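Structure first, then comments.
On a predicted model such as this, the values are computed, not experimentally measured, just so you know. Naming convention: chains lettered A, B, ... in sequence-line order (proteins, then strands); numbering from 1 in each chain.
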Number of protein chains: 2
Amino acid sequence: MSEEPGRRRTIRDVAKAAGVSIATASNALNGMGRTNAETRERVRRIADEIGFRPNALARSLLTRRSHSIGIITNDTYGRLTLPMSAGVSEALVDHGVSAFLCATNNDPRLAQLHLEALLDKQVDGIIFTATRLDLTPPVDLTRLPIPVVYAFAIGPETAPTFIPDDAQGARLAVRHLQERGYRRILHITGQEDYLAARLRAEAYRDLAGEQAEVMFGAWSEEWGHEAVRRLISSGRPRPEAIFCGSDEIARGVIDSLRDHGLKVPEDVAVVGFDNWQVVAAQTRPPLTTVDMELKELGRRAGLAMLDLTRGLPVAPGITRLPCSLVTRRSCGLA
Amino acid sequence: MSEEPGRRRTIRDVAKAAGVSIATASNALNGMGRTNAETRERVRRIADEIGFRPNALARSLLTRRSHSIGIITNDTYGRLTLPMSAGVSEALVDHGVSAFLCATNNDPRLAQLHLEALLDKQVDGIIFTATRLDLTPPVDLTRLPIPVVYAFAIGPETAPTFIPDDAQGARLAVRHLQERGYRRILHITGQEDYLAARLRAEAYRDLAGEQAEVMFGAWSEEWGHEAVRRLISSGRPRPEAIFCGSDEIARGVIDSLRDHGLKVPEDVAVVGFDNWQVVAAQTRPPLTTVDMELKELGRRAGLAMLDLTRGLPVAPGITRLPCSLVTRRSCGLA
DNA sequence: ATCGCTTGATAAAAGCTTTTAGCAAAAAAT
DNA sequence: ATTTTTTGCTAAAAGCTTTTATCAAGCGAT
């Protein structure tokens, strides 16, 4: 009864088993053309029985849509990329679209290699993702015959770009502190040449008023220690709260405050940025922090890509997606 | 001169421009059949000039090799998966093979969806990856018509499986401590129902002798604190060194030791496991720890997959890849 | 002059699907 | 009873490449 069990069933097999032509089989399965309801059912039942699944390669060759896209990232570490990729996949998988993940490590040769492989495979589009907003792709993506979407990276003005709303996130943090009565708020953050650092600092300055003070440094725990050390030794009046540019910095700050005999949040409240679980949940006390909603960001980028590949219009330029605040105990929540 | 600039050049275009048949063009480009050296050069030059790149879909349809594989992971967080994926890609990209990344979040429905999409796209193989060794895939991978390789997850005996050599890694850590003169060594690790925890503990017991003592708990910083607290309050003689089952635990241990007025490494030396940069480099003092070489592990899995898709023999069963020790200051290195 | 061999090239098939154009029969309209 | 429309189905083309089988021409050997 069964022939070579290794071979995948093709539409020919379905057609033969149903006693119809290939065209009819195809029509019946796809609901196209004019097909007798009875025939349609029979074909579908048989296709199901013999386990027929259409060969996506053959289909793509004809329809010019491969139902696959490429994600190019400079990240090999994963903290940002994987949640975003998961979001992208989530948006796409229900439409049968899969994503190639290309980790370039920011190496132009590698990036070029990946890009060529993607184009050869006729991907429907490319999503570029980075570990910092103001990073240019290691390979030119502006002259491609397919749409390009930027996620957590700023592309050319004509390309749809999705980034977290850093300013809004910063305001969320500062307002939260202010609403709880903290007045003199300090901002300790990372390198000033990072766009995200500048955006957050600016938003902070707008709300913190006269006493605003920003300490730029590194994106590390160590900088958190160092900043607190400087603060204490400066002899200036102690701030009531500190808004940190990352959870790592916040962790350094909290640890250092404790070392100096200051209690969080009783003496100084602290807010972080990233909601990086392993860090935020393990500080003592656990850290109130801003979540950039990376998975949702990836999902939005995925949906935009979906529209683009269908020829639907997608707004070009930057879309800033709202951050959320995750409250834990470092600002005095019960 | 140029026709519709949007269209990708096909081999027809090459053939026409070179004044030869499609078959000759193909032969010339692939170095097959009998071709005049002169013709071959001309065809190649022209193909280069008009920017011809073969359509991988069409080629795959015929050759039955799609030059793409799927990576199925349960991780949406990335710490383990992304380094491994990067390793896989690295092994494959030079051979024109790309990898679909499917984050299943351990959800069977999602996994099934991803798997079907992969099979429809005729991937040449699948690599299954998990966040813990003893995790079974959320979807049956044993009856697939394509090879399956397991990386950081234990598959059926017939499948090539690559995992870190946890026992060897643990021995590396314990020996390092012993060589530096530390005798009474304690082991604080994660949940006992994790295979990795048991393997490491067993290797530790073999070397630590009479005084071996294992404290199983959670894979968290908090457990590190708790364990030290118990240790101190038990009033037993203090160990000279502590070998921790993860960097997070080590971090908790180090912080807690400091809180109790004990200096690392002067009073107690500490070794971690994972070499998770953000944690290990930021402990005070920086942490000596075992690196599982995840990228290399991914690379090996990728190479195995490459061989399998070429029909070359690949040893089935478990291959344990060596861990390395990264020495920092928590064991008294200058 | 005929035969056999080598060389260089080509037509056509195959891989699997979707879609267009068209055909025959049944149904409806004149 | 004849013409038109509708219905249900099919042959064939198209998408792009690789490969098999074939062909024509050139050349040395008989």
Side-chain angles (χ1 to χ4, degrees), chain A residues 3-4 6-44 46-47 50-68 96 119-124 145, chain B residues 3-4 6-44 46-47 50-68 96 119-124 145:
Chain A
E3 18 185 348
E4 322 118 83
R7 229 183 81 259
R8 242 178 108 101
R9 306 292 161 198
T10 76
I11 200 167
R12 297 179 86 95
D13 299 324
V14 177
K16 192 189 289 180
V20 297
S21 75
I22 292 180
T24 304
S26 176
N27 282 340
L29 291 171
N30 300 320
M32 304 294 291
R34 292 180 295 232
T35 334
N36 188 324
E38 196 183 329
T39 317
R40 188 164 51 236
E41 283 318 307
R42 182 162 44 91
V43 170
R44 286 186 176 171
I46 289 177
I50 69 176
F52 166 74
R53 307 221 83 215
N55 183 325
L57 261 36
R59 173 183 275 171
S60 299
L61 190 54
L62 200 51
T63 61
R64 310 193 119 95
R65 291 209 38 203
S66 66
H67 292 273
S68 51
L119 292 175
D120 290 352
K121 287 179 183 118
Q122 320 286 317
V123 292
D124 299 330
Chain B
E3 16 185 350
E4 322 116 85
R7 230 184 80 258
R8 238 178 112 102
R9 306 292 161 198
T10 77
I11 199 167
R12 297 179 87 94
D13 299 324
V14 177
K16 193 191 286 182
V20 297
S21 74
I22 292 180
T24 304
S26 176
N27 281 340
L29 291 171
N30 300 320
M32 305 294 291
R34 291 182 298 231
T35 334
N36 187 325
E38 197 185 328
T39 317
R40 187 164 52 237
E41 282 319 307
R42 182 161 45 90
V43 169
R44 287 187 175 170
I46 288 177
I50 68 176
F52 167 73
R53 305 221 84 215
N55 184 323
L57 261 37
R59 172 182 277 170
S60 300
L61 189 54
L62 199 52
T63 62
R64 309 192 122 95
R65 290 210 38 203
S66 66
H67 292 274
S68 49
L119 292 176
D120 289 352
K121 290 183 179 110
Q122 320 286 315
V123 291
D124 299 329

One would report the end-axis bend of the helix from C:dA1-D:dT30 to C:dT30-D:dA1, five pairs per end and rounded to 10 degrees, as 70°
Sequence neighbours excluded, the answer for side-chain hydrogen bond (donor to acceptor under 3.5 Å, both in side chains) partners of B:Arg64 is none
Residues passing the side chain to side chain contact (heavy atoms under 4.5 Å, CB included) test with B:Ala23, sequence neighbours excluded, are B:Ser21
May I have the list of side-chain donor-acceptor pairs in residues 31-40 of chain A shorter than 3.5 Å, sequence neighbours left out?
| from | atom 1 | to | atom 2 | distance (Å) |
| --- | --- | --- | --- | --- |
| A:Thr35 | OG1 | A:Met32 | O | 3.4 |
| A:Asn36 | OD1 | A:Glu38 | N | 2.8 |
| A:Arg40 | NH1 | A:Thr35 | O | 3.3 |

Whether each nucleotide of nucleotides 9-21 of chain C has a protein heavy atom under 4.0 Å at its base (B), only at its sugar-phosphate (S) or at neither (-) is summarised, 5' to 3', as BBB--BBBBBB--
Sorted by chain and residue number, the side chain to side chain contact (heavy atoms under 4.5 Å, CB included) partners of A:Ala17 (sequence neighbours excluded) come out as A:Ile46
Residues at least two apart in sequence or cross-chain that pass side-chain hydrogen bond (donor to acceptor under 3.5 Å, both in side chains) with B:Ser66, listed by chain then number, are B:Ser68, B:Asp124
Taken in chain and number order and not counting sequence neighbours, the residues that satisfy salt bridge (Lys or Arg N to Asp or Glu O under 4.0 Å) with A:Arg53 are B:Glu116, B:Asp120
Residues passing the side chain to side chain contact (heavy atoms under 4.5 Å, CB included) test with B:Ile22, sequence neighbours excluded, are B:Ile11, B:Arg12, B:Ala15
